[in-house]
Structure formats: C-alpha cells, structure tokens
S.K.: 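What follows is a structure written as structure tokens; I'll ask about it next.
Just so it is clear: chains get the letters A, B, ... in the order the sequence lines come, proteins before strands, and each one is counted from 1.
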Amino acid sequence: MAELQLRNARPLVRAFYERDPRRVAREILGKVLLRREGRKLRAGRIVEVEAYLGVNDPAAHAAAGRTPRNRVLFGPPGHAYVYFIYGNHYCLNVSCMPEGKAGCVLIRALEPLAGMEQMRGARGLKGKRREADPRLLTSGPGRLSEAFDITRSRDNGKDLTAAESDLVIVDGDGAGGRVRVTTRIGISKAAHEKLRYVLAGNAFVSGKKI
DNA sequence: TTATAGATTGCCT
DNA sequence: GGCAATCTATAAT
C-alpha cells in the first residue's frame with residue numbers, strides 16, 4: 001500500500017474495538033499501525049497479537065481489578081494501554097469491550113511498511129552487524145514498541161481512533177494469509193488458552209517459525 | 001519496608 | 001542455552 005494512502009487513511013472506528021478481544025484480535029491482523037510525526041511516517045502491518053480477557057483471565061493485568069496502572073483497560077475501547085515490563089521494555093495493547101469492562105489485545109509483531117530508517121535509529125541498530133536483519137525491527141512486543149518510540153508517558157491512554165492522533169491503526173490490504181491460533185507466549189497463568197493469533201508463515205511473527 | 005515475579009530482549013558462553 | 005538489565009504492582013515481613 002502506498003505511503004501517501006497510508007498517511008491519509010482514517011483510523012478504525014471505536015465500534016471495531018467495542019467487542020470481545022478474541023474477535024478484535026482475529027480481525028486486527030493485517031491492519032496497519034501508524035506513527036505520524038509531521039512529514040515522517042512509520043507504518044507496520046500487524047501480523048501477531050494476543051487477546052487478554054477481563055477480570056476472569058488470570059494472565060491479564062485486569063485480573064487484579066482496577067488499579068492506577070491498568071485503568072485504561074477499564075476505560076473506553078480503542079485506547080492504547082502501554083506498560084513497562086522486566087525493567088526494560090514497553091508493550092502496546094489496545095483496549096477492547098465497552099467502557100467499564102476490561103479486555104485488550106497485545107500487539108506482538110509488525111511487518112515494517114514505511115519509516116524503516118527511523119525504526120533502525122530508534123532501535124539503536126545503525127552501524128551494527130545486526131542492522132541487516134529486518135526482523136529485529138518490529139518482531140516482538142518490546143522491539144516494536146522501541147521501533148515506534150512507544151512509551152508509557154507518551155502514549156498510555158492515547159485514543160487510537162482519533163483522526164488527529166499521532167498513533168493510530170488503519171485499514172490495510174487485508175490479512176493476506178491464513179490466521180493461525182496458538183497458545184500465548186511468556187505467561188505462566190492460563191498458559192493453555194489458545195489466544196494468540198498470527199498470520200501463518202509471515203516472516204515477522206516473533207519466536208520460531210511456524 | 002523489603003522481596004519477588006513478570007504479556008522481554010540482547011549478549012554471553 | 002543461560003542470565004543480566006532494572007520498573008511496577010503486589011505479597012510478605
């Protein structure tokens with residue numbers, strides 16, 4: 001998809017997110033995350049996500065009930081929930097379900113479409129041997145957050161459906177591949193639940209090739 | 001007040 | 001394959 005077309009695309013509407021995270025997770029594959037800063041544009045196709053349910057999902061941050069940290073999850077749908085993990089990394093989620101009910105989708109991997117140079121800079125890969133591997137840009141929740149300069153102070157609570165927002169999700173060329181459902185990664189609670197959605201065979205899916 | 005686990009990644013052996 | 005980095009919420013003193 002042409003860069004100009006992406007830049008002018010309208011964000012997905014709030015109703016898209018106002019549903020069960022499992023539905024949203026499946027349908028958000030193939031959509032495009034945009035960071036718009038003046039003339040600069042970073043864009044990545046969503047190829048891997050995980051659904052986190054409400055207070056009944058032991059692995060979800062919402063399981064402990066509403067706290068200052070996770071309040072976005074209980075707010076209106078279509079907002080960014082950004083948290084810091086392992087003392088090193090930010091992760092980007094989108095809130096789902098109607099206001100008052102928790103639920104979200106964790107964005108785990110992107111296929112870079114535009115602004116790769118900026119992403120390399122943000123990731124600190126310039127001049128390194130590893131610079132050549134495009135998978136290191138956005139393949140993994142911590143990596144894509146760093147590539148898009150996503151931080152808690154900057155983006156937590158941001159409305160991803162607002163036309164004027166610098167961080168939005170827009171329509172893409174479609175899923176462009178079959179959706180595969182697997183167990184979630186990196187969790188210990190409710191680890192058997194199949195709530196991870198990937199575009200089968202896409203090279204930018206994190207972890208081992210499936 | 002202190003301890004610990006966690007929706008991860010990069011560098012080491 | 002192992003482990004350090006080092007923020008946050010929650011559990012344990």
S.K.: Rounded to whole Å, please give me the gap between CZ in A:Arg108 and C1' in B:dT9.
M.R.: 12 Å

S.K.: Give the rounded distance in Å between these two atoms: CZ of A:Arg184 and C1' of B:dG6.
M.R.: 14 Å

S.K.: Could you check how far CD1 of A:Ile185 sits from C1' of B:dT9, rounded to whole Å?
M.R.: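 The answer, rounded to whole Å, is 13 Å.
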
S.K.: Tell me: CG of A:Asp133 to P of B:dT9, nearest whole Å?
M.R.: 14 Å

S.K.: If I pick the C1' atom on B:dA7 and the same atom on C:dG1, what distance separates them, to the nearest angstrom?
M.R.: 22 Å

S.K.: Is a donor-acceptor pair below 3.5 Å formed from side chain A:Tyr86 to base B:dA5, judging by atom type as modelled?
M.R.: no

S.K.: For A:Tyr52 and B:dA7, is the gap between ring centres under 5.5 Å while the planes differ by less than 30°?
M.R.: yes

S.K.: Can you tell me how far P of B:dT8 sits from CZ of A:Arg123, to the nearest Å?
M.R.: 14 Å

S.K.: Report the base-pairing partner of C:dA12 (Watson-Crick or G-U wobble, both distances below 3.5 angstrom), or none.
M.R.: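 Pairing partner, where one exists within any strand: B:dT1.
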
S.K.: Measure the shortest side-chain to side-chain distance between A:Arg22 and A:Lys194 over non-hydrogen atoms and say whether it is less than 4.5 angstrom.
M.R.: no

S.K.: Would you say A:Val55 and A:Leu73 are hydrophobically clustered, going by side-chain heavy atoms of ILVMFWY under 4.5 Å?
M.R.: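 Yes, it is one cluster - the side chains of A:Val55 and A:Leu73 are joined through contacts under 4.5 Å.
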
S.K.: Please state whether the phosphate of B:dA5, meaning OP1 or OP2, lies under 4.0 angstrom from any side-chain nitrogen or oxygen of A:Ser188.
M.R.: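 Looking at the OP1 and OP2 atoms of B:dA5, neither is under 4.0 Å from any side-chain N or O of A:Ser188.
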
S.K.: For each nucleotide in nucleotides 8-13 of chain C, reading 5' to 3', give B when a protein heavy atom comes within less than 4.0 Å of its base, S when such contact involves only the sugar-phosphate, and - otherwise.
M.R.: -SS---

S.K.: Could you state the interatomic distance from SG (A:Cys104) to CD (A:Glu50), rounded to the nearest 0.5 Å?
M.R.: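 Output value for this atom pair is 10.0 Å.
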
S.K.: Give the rounded distance in Å between these two atoms: CD of A:Glu50 and C1' of B:dT8.
M.R.: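 Rounded to whole Å, this separation is 12 Å.
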
S.K.: Looking only at side-chain N and O atoms, does A:Tyr81 offer a donor or acceptor that is under 3.5 Å from a partner on A:His61?
M.R.: yes

S.K.: How long is the span from the CE atom in A:Met97 to the CG atom in A:Asp20, to the nearest 0.5 Å?
M.R.: 6.0 Å

S.K.: A:Asp149 pairs by salt bridge (charged side-chain N to carboxylate O under 4.0 Å, His left out) with which of A:Lys40, A:Arg42, A:Arg123?
M.R.: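 Going through the options one by one, the only one that passes is A:Arg42.
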
S.K.: Who does B:dA7 pair with, Watson-Crick or G-U, both distances under 3.5 Å?
M.R.: none

S.K.: Check for a donor-acceptor pair, side chain of A:Thr138 on one end and backbone N or O of A:Leu144 on the other, with a separation under 3.5 Å.
M.R.: no

S.K.: Considering heavy-atom distances to DNA chain B, does A:Glu146 or A:Ile187 have its closest nucleotide positioned more toward the 5' end?
M.R.: A:Ile187

S.K.: Grab the CZ-P distance between A:Arg143 and B:dT9 for me, whole Å please.
M.R.: 6 Å

S.K.: The side chain of A:Tyr81 lies closest to which of these nucleotides: B:dA7, B:dT9, B:dG10?
M.R.: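 Nearest listed nucleotide: B:dA7.
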
S.K.: What nucleotide among B:dA7, B:dG6, B:dT8 has an atom nearest to a side-chain atom of A:His89?
M.R.: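 Minimum distance to the A:His89 side chain belongs to B:dT8.
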
S.K.: Could you check how far OH of A:Tyr90 sits from P of B:dG6, rounded to whole Å?
M.R.: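 It is 21 Å, rounded to the nearest whole Å.
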
